[in-house]
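Working notes, structure below.
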Amino acid sequence: MIFFYGLERLQQIPYVPRFLVSYLEFRNMRGIIPSEGKPWQLDSGGYTVGVKNRLETPFAHDYPFSLETYADFINRNKPTVAWTMDASVKYPFPSDIIKRKQEITNENTAKLSDYTDKRIGNVLQGWHIEDYFQHIDLMKESGTLTTWIGLSVTQAKENKYFGRDMVVEISKQLPGYVKLHSLAFKFALLKPFPILAKLLYSSDSANWINISKYKIPSALQTGALKTFVDKMENFLKEMESRPDMYHYY
């Protein structure tokens with residue numbers, strides 16, 4: 001599993017091997033993201049929008065920008081993958097609302113894929129395992145099962161076993177070409193369940209910044225920050241190579 005470091009500031013780019021930034025944070029930027037040739041991901045901010053709209057308009061997920069504006073930013077900056085403008089399911093909505101959110105997510109993915117030459121990654125929506133299976137079927141039917149598929153398991157915050165089982169079962173339903181990516185990955189899942197390092201192609205999180213305490217690297221901190229990132233990379237390789245990782249699967 002490779003890890004994309006969620007960044008709060010572009011000044012952090014030189015200190016990480018790959019990264020993720022949110023369009024919500026940088027949408028007013030006139031220049032180009034200085035990626036330095038590194039792999040990087042662009043997040044639409046669907047989680048933030050979903051939390052904001054959870055009570056008022058559960059269908060709407062009104063982003064403060066249009067599909068066309070987001071697509072233009074993608075085309076100018078050319079991220080490795082840009083996550084779709086999804087209608088996020090972050091709460092246990094009724095099944096009909098969950099299905100409609102899945103359909104909206106697929107519709108946005110189809111439009112963005114046309115605008116951006118297939119640079120978009122779709123994002124699975126659901127609350128129960130059956131919801132995710134349903135969304136995979138809807139993606140196949142609508143032609144929106146993209147090469148990169150994002151997964152955010154909100155319930156894993158309270159139940160680590162649910163997070164493990166979700167990744168295991170979903171990975172069985174996806175074709176071999178799909179790169180399954182865990183959005184806002186919880187590192188607490190990795191040590192007890194190193195199988196996730198094998199089943200997930202990649203993951204991202206901004207929590208590493210809080211752990212490292214290097215939000216704005218100073219001249220005195222760059223060496224320590226590099227050491228911290230090296231430890232992160234070695235930890236991921238260790239988890240992926242552990243011989244007991246297949247016992248559950």
Side-chain angles (χ1 to χ4, degrees), residues 1-50 52 61-88 104-124 139 143-152 177-185 200-209 214-217 222 225-226 229 232-233:
M1 179 179 74
I2 59 176
F3 180 68
F4 288 80
Y5 296 76
L7 302 186
E8 296 178 340
R9 296 172 175 83
L10 299 181
Q11 293 93 325
Q12 297 163 333
I13 291 176
Y15 308 103
V16 296
R18 65 200 78 81
F19 62 92
L20 175 144
V21 293
S22 172
Y23 180 64
L24 276 177
E25 299 295 327
F26 296 101
R27 67 184 185 275
N28 295 322
M29 178 180 177
R30 293 187 177 183
I32 301 297
I33 298 289
S35 66
E36 301 183 355
K38 298 175 179 179
W40 68 286
Q41 299 184 353
L42 183 66
D43 180 43
S44 68
Y47 179 88
T48 302
V49 176
K52 179 181 177 181
H61 279 256
D62 295 322
Y63 284 80
F65 50 86
S66 66
L67 285 164
E68 293 79 6
T69 301
Y70 185 46
D72 179 67
F73 189 89
I74 294 168
N75 289 330
R76 284 191 291 111
N77 286 275
K78 302 187 184 327
T80 306
V81 62
W83 296 109
T84 192
M85 291 170 62
D86 55 314
S88 299
I104 292 171
T105 298
N106 289 354
E107 291 164 6
N108 287 348
T109 299
K111 293 175 182 177
L112 286 169
S113 294
D114 289 341
Y115 295 154
T116 61
D117 192 27
K118 313 299 181 185
R119 201 176 287 270
I120 299 299
N122 206 347
V123 179
L124 284 165
M139 287 180 181
T144 56
L145 187 64
T146 51
T147 300
W148 291 77
I149 292 292
L151 171 65
S152 178
Y177 70 83
V178 168
K179 298 177 179 179
L180 185 58
H181 176 90
S182 178
L183 297 154
F185 184 68
L200 292 169
Y201 178 83
S202 58
S203 64
D204 73 74
S205 176
N207 286 339
W208 76 277
I209 298 175
Y214 300 126
K215 292 188 175 183
I216 306 179
T222 53
L225 179 57
K226 183 180 184 303
V229 170
M232 285 277 291
E233 294 292 302

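FYI, the numbering just counts along the sequence from 1.
In this structure the side chain of V21 never reaches within 4.5 angstrom of the side chain of F4, judged on heavy atoms. Contact of the T147 side chain with the V178 side chain is not registered, since no non-hydrogen atoms from C-beta on lie closer than 4.5 Å. With a 4.5 Å cut-off on side-chain heavy atoms, K118 and S113 count as touching. Between S35 and I13, the closest side-chain pair of non-hydrogen atoms is not below 4.5 Å. Taking the side chain as every heavy atom from C-beta outward, P17 and Y5 approach each other to under 4.5 Å. Proximity of F26 to L10: side-chain heavy atoms (C-beta onward) are separated by under 4.5 Å at one or more points.
Distance NZ/K111 to CG/L67: 6.0 Å, rounded to 0.5 Å. For the atom pair L180 CG and L200 CG, the distance stands at 5.0 Å (nearest 0.5 Å). Interatomic distance, OG1 of T116 versus CG of L42, reported as 10.5 Å (0.5 Å rounding). Taken from CG in L124 to OG in S88, the straight-line distance is 11.5 Å, to the nearest 0.5 Å. Once rounded to the nearest 0.5 Å, the distance linking CZ of F19 with CD of Q12 reads 10.5 Å. The distance from the OG1 atom of T84 to the CG atom of D43 is 10.5 Å, given to the nearest 0.5 Å.
Taking both residues in full, the closest heavy atoms of W148 and S202 are given as CZ3-OG, 3.3 Å, listed atom of the first, atom of the second, then distance. Annotation for S44 and W83: closest pair CB-O, 3.6 Å, computed over non-hydrogen atoms. R76 and I32 make their closest contact through O-CD1, 3.5 Å (heavy atoms, listed as atom of the first residue, atom of the second, distance). Summarising the geometry of T144 relative to N122, their closest heavy-atom pair is O-ND2, 3.0 Å, with the distance given to 0.1 Å.
Every pair passing salt bridge (Lys or Arg N to Asp or Glu O under 4.0 Å) that includes a residue from residues 21-37 is listed here, sequence neighbours excluded: E36-K38.
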Step by step, work out the side-chain contact (heavy atoms from CB on, under 4.5 Å) result for M85 and Y70. CA-CA 9 Å; M85 291 170 62; Y70 185 46; 3.6 Å; yes

side-chain contact (heavy atoms from CB on, under 4.5 Å) between F185 and M1, worked out = CA-CA 11 Å; F185 184 68; M1 179 179 74; 4.1 Å; yes

**Asked** Between N106 and M139, is a side-chain contact (heavy atoms from CB on, under 4.5 Å) present by the stated rule, with each step listed?
**Response** CA-CA 7 Å; N106 289 354; M139 287 180 181; 3.7 Å; yes

Could you walk me through whether L7 and L20 pass the side-chain contact (heavy atoms from CB on, under 4.5 Å) check? CA-CA 6 Å; L7 302 186; L20 175 144; over 6 Å; no

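The backbone N or O of I149 sits nowhere less than 3.5 Å from a side-chain atom of T146 that would complete a donor-acceptor pair. Remark: the backbone N or O of W40 is paired with a side-chain donor or acceptor of T80 at under 3.5 angstrom. With hydrogens and angles disregarded, a donor-acceptor distance shorter than 3.5 Å links the side chain of T105 to the backbone of A87. With hydrogens and angles disregarded, a donor-acceptor distance shorter than 3.5 Å links the side chain of Y63 to the backbone of D86. Listed for the D72 side chain is no donor-acceptor partner under 3.5 Å among the backbone atoms of E68. A donor-acceptor pair under 3.5 Å links the side-chain atoms of N77 to the main chain of I33, judged by distance alone.
Among residues two or more places apart in sequence or in another chain, the salt bridge (Lys or Arg N to Asp or Glu O under 4.0 Å) test is passed with R18 by E233.
Using a 3.5 Å distance cut-off with no hydrogens or angles, the side chains of S182 and S203 do not pair a donor with an acceptor.
Atom CG of N75 is surrounded by more than 12 heavy atoms from other residues, nucleotides or ligands within 6.0 Å.
Between F65 and Y23, the distance separating the two ring centers is shorter than 6.0 angstrom.
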